[in-house]
Amino acid sequence: MSKILIRGAKVLGGEAQDVLIEGETIARVGTGLEADGAQVVEAEGRILLPGLVDLHTHLREPGREDSETVLTGTRAAASGGYTAVFAMANTFPVADTAGVVEQVWRLGKEHGYCDVQPIGAVTVGLEGKKLAELGAMHDSAAGVTVFSDDGKCVDDAVIMRRALEYVKAFGGVVAQHAQEPRLTEGAQMNEGVVSAELGLGGWPAVAEESVIARDVLLAEHVGSRVHICHLSTAGSVEIVRWAKSRGIDVTAEVTPHHLLLTDELVRTYNPVYKVNPPLRTERDVMALREALADGTIDIVATDHAPHPHEDKDCEWAAAAMGMVGLETALSVVQHTMVETGLLTWEGVADRMSFTPARIGAAEGHGRPVSAGEPANLTLVDPAYRGNVDPAGFASRSRNTPYEGRELPGRVTHTFLRGRATLMDGKLA
């Protein structure tokens, strides 16, 4: 049985402790631990977290392997400290059947850099007209628990109600991409002062907020769970806060880029800043940070959206929407939430591991760093400072909005069930 001794790490940012891993499990946590034959990882000054869990990742396979594959995407995940990711359904073919979700799940098992839990489509072909095989996907080997048409909104209220009713039977959750399609026709960026000055089609906040308002009321009516993907406006925060105060079973996520970047960057016309939902205002960014800190927003999810060079190296109107995020997420959260005093490292563990694992029912993930638990762990050097260089990414795509930007923190080690997937900053 392999043994790894992590020596002197600050577990969840607290007191320095040693953690002994034996096989797939944490054997002991304490001080002054010794173990014959153990590989020693000196971790003084570093933060030990449970392995990160991303509830919103695009791995593109099958169908868009020019952007990303399950292999390259999970290597990127391991580089960013993730031990489990939930893969969105907008593949080609769409992950709307048991066969496709099982294919993605098995690819994750074969490659082994992190666990891959497929997300099933809500509707056939993401077309919003007919419910997909929700029960069959749940009963498949992949055991799907989260369903989403992400990239498209389930805008038909009857379809959304039926989906909520269906997943309630087995404790599933519908993750909604909140975008009213008629209000965003031709939209290119956030609707506001900048869009007016640039003459670009505006994407109003109400297009997001109106769908969230409808869906939390539907969830209340049905008695089911709804999850809001990539919440991006101050108004959306208030609606979710109201819904939670009413006892509605709603959870919400925010992306790292919506915690840091604003629509002012669109003045550069650099398509790397084109994303769905769009970058919003400074006021929205501050509201999102506060909401993540107080628990109104439950989790951070990357919405890792890789695109090949040609889909971003073009004029703004023709560019694809999306940004890669797995390898920079923790650094952005350290910068925006930890270094501002809004979250402790224990809070980071909650928002990026414990709670996303609970929402998605990711077995063995989001567990305490204690004896007897699965050894899914992430070791972070918070003192590191460096400029983002996409040339070093494990992802197949390079469409990061942070190129050249200095960000703090670096994941040095990632362990998946006791096996190092990242060691001293290098993929195993």
Side-chain angles (χ1 to χ4, degrees), residues 24 51-65 67-80 82-126 131-151 163 166-167 169-175 227 229 301-306 326 353 356-367 374 376 394-396 414-419 421:
E24 298 184 355
L52 306 185
V53 177
D54 188 19
L55 202 65
H56 191 149
T57 301
H58 297 271
L59 295 181
R60 304 303 191 203
E61 189 176 12
R64 285 305 305 267
E65 290 84 356
S67 303
E68 195 76 283
T69 65
V70 174
L71 174 58
T72 60
T74 54
R75 285 169 63 91
S79 297
Y82 288 89
T83 55
V85 298
F86 284 71
M88 275 295 175
N90 56 344
T91 50
F92 298 94
V94 171
D96 57 5
T97 65
V100 178
V101 296
E102 285 188 355
Q103 177 188 356
V104 175
W105 176 76
R106 292 187 194 283
L107 284 168
K109 289 287 186 187
E110 291 170 10
H111 297 315
Y113 280 91
C114 75
D115 287 346
V116 176
Q117 180 57 52
I119 293 175
V122 175
T123 65
V124 175
L126 308 180
L131 282 184
E133 299 175 5
L134 309 184
M137 288 187 279
H138 174 69
D139 293 338
S140 72
V144 177
T145 58
V146 183
F147 299 86
S148 181
D149 277 2
D150 183 63
Y166 204 115
V167 302
F170 51 78
V173 61
V174 178
H227 177 76
C229 295
T302 69
D303 192 10
H304 175 80
L326 285 168
S353 183
R358 176 181 58 80
I359 293 170
E363 186 177 353
H365 296 275
R367 302 295 304 161
N376 297 317
S395 171
R396 177 162 285 186
T414 306
F415 300 95
L416 177 64
R417 286 182 290 278
R419 181 176 58 84
T421 55

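Computed from heavy atoms alone, side chains included, the values below leave out hydrogens, waters and symmetry copies. As the structure is a computational prediction, the values presented were derived from the model and not from experiment.
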Taking all heavy atoms of [X] and all of [Y], pick out the closest pair and write down the distance.
X: A141; Y: R106; value: CB-NH2, 3.8 Å
X: D96; Y: A121; value: CB-CB, 3.8 Å
X: L131; Y: Y166; value: CD1-CD1, 4.4 Å
X: G120; Y: M137; value: CA-SD, 3.7 Å
X: A142; Y: V101; value: CB-O, 3.8 Å
X: L59; Y: A87; value: CD1-CB, 3.9 Å

Going from [atom1] on [X] to [atom2] on [Y], what distance comes out if it is rounded to the nearest 0.5 angstrom?
X: C114; Y: L416; atom1: SG; atom2: CG; result: 7.5 Å
X: R358; Y: L55; atom1: CZ; atom2: CG; result: 10.5 Å
X: L326; Y: T57; atom1: CG; atom2: OG1; result: 4.5 Å
X: R419; Y: T83; atom1: CZ; atom2: OG1; result: 11.5 Å
X: E363; Y: Q117; atom1: CD; atom2: CD; result: 10.5 Å
X: E102; Y: K109; atom1: CD; atom2: NZ; result: 12.5 Å

Is the backbone N or O of [Y] less than 3.5 Å from a side-chain atom of [X], with the two atoms forming a donor-acceptor pair by type?
X: D150; Y: A175; value: no
X: D149; Y: V122; value: yes
X: S395; Y: A76; value: no
X: H138; Y: G143; value: no
X: T145; Y: G360; value: yes
X: T74; Y: V70; value: yes
X: S353; Y: V53; value: no

[Y] side chain reached by [X] side chain, heavy atoms, under 4.5 Å:
X: H227; Y: V146; value: no
X: S148; Y: M88; value: yes
X: V104; Y: P62; value: yes
X: H58; Y: T91; value: no

Self-check item: Distance-only donor-acceptor check, side chains H365 and D115, under 3.5 Å
Solution: yes

Self-check item: Side-chain donor-acceptor contact under 3.5 Å, T69 with E65
Solution: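 Distance-only check fails for T69 and E65.
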
Quiz prompt | From CA spacing to verdict: side chain to side chain donor-acceptor pair (under 3.5 Å), H304, D54 | solution = CA-CA 9 Å; H304 175 80; D54 188 19; over 6 Å; no

Quiz item: What do the steps show when you test L71 against E61 for side chain to side chain contact (heavy atoms under 4.5 Å, CB included), and what is the final call?
Solution: CA-CA 9 Å; L71 174 58; E61 189 176 12; 6.0 Å; no

Quiz item: After noting the C-alpha distance and the side-chain angles of L107 and V116, does the key distance pass the side chain to side chain contact (heavy atoms under 4.5 Å, CB included) rule?
Solution: CA-CA 8 Å; L107 284 168; V116 176; over 6 Å; no

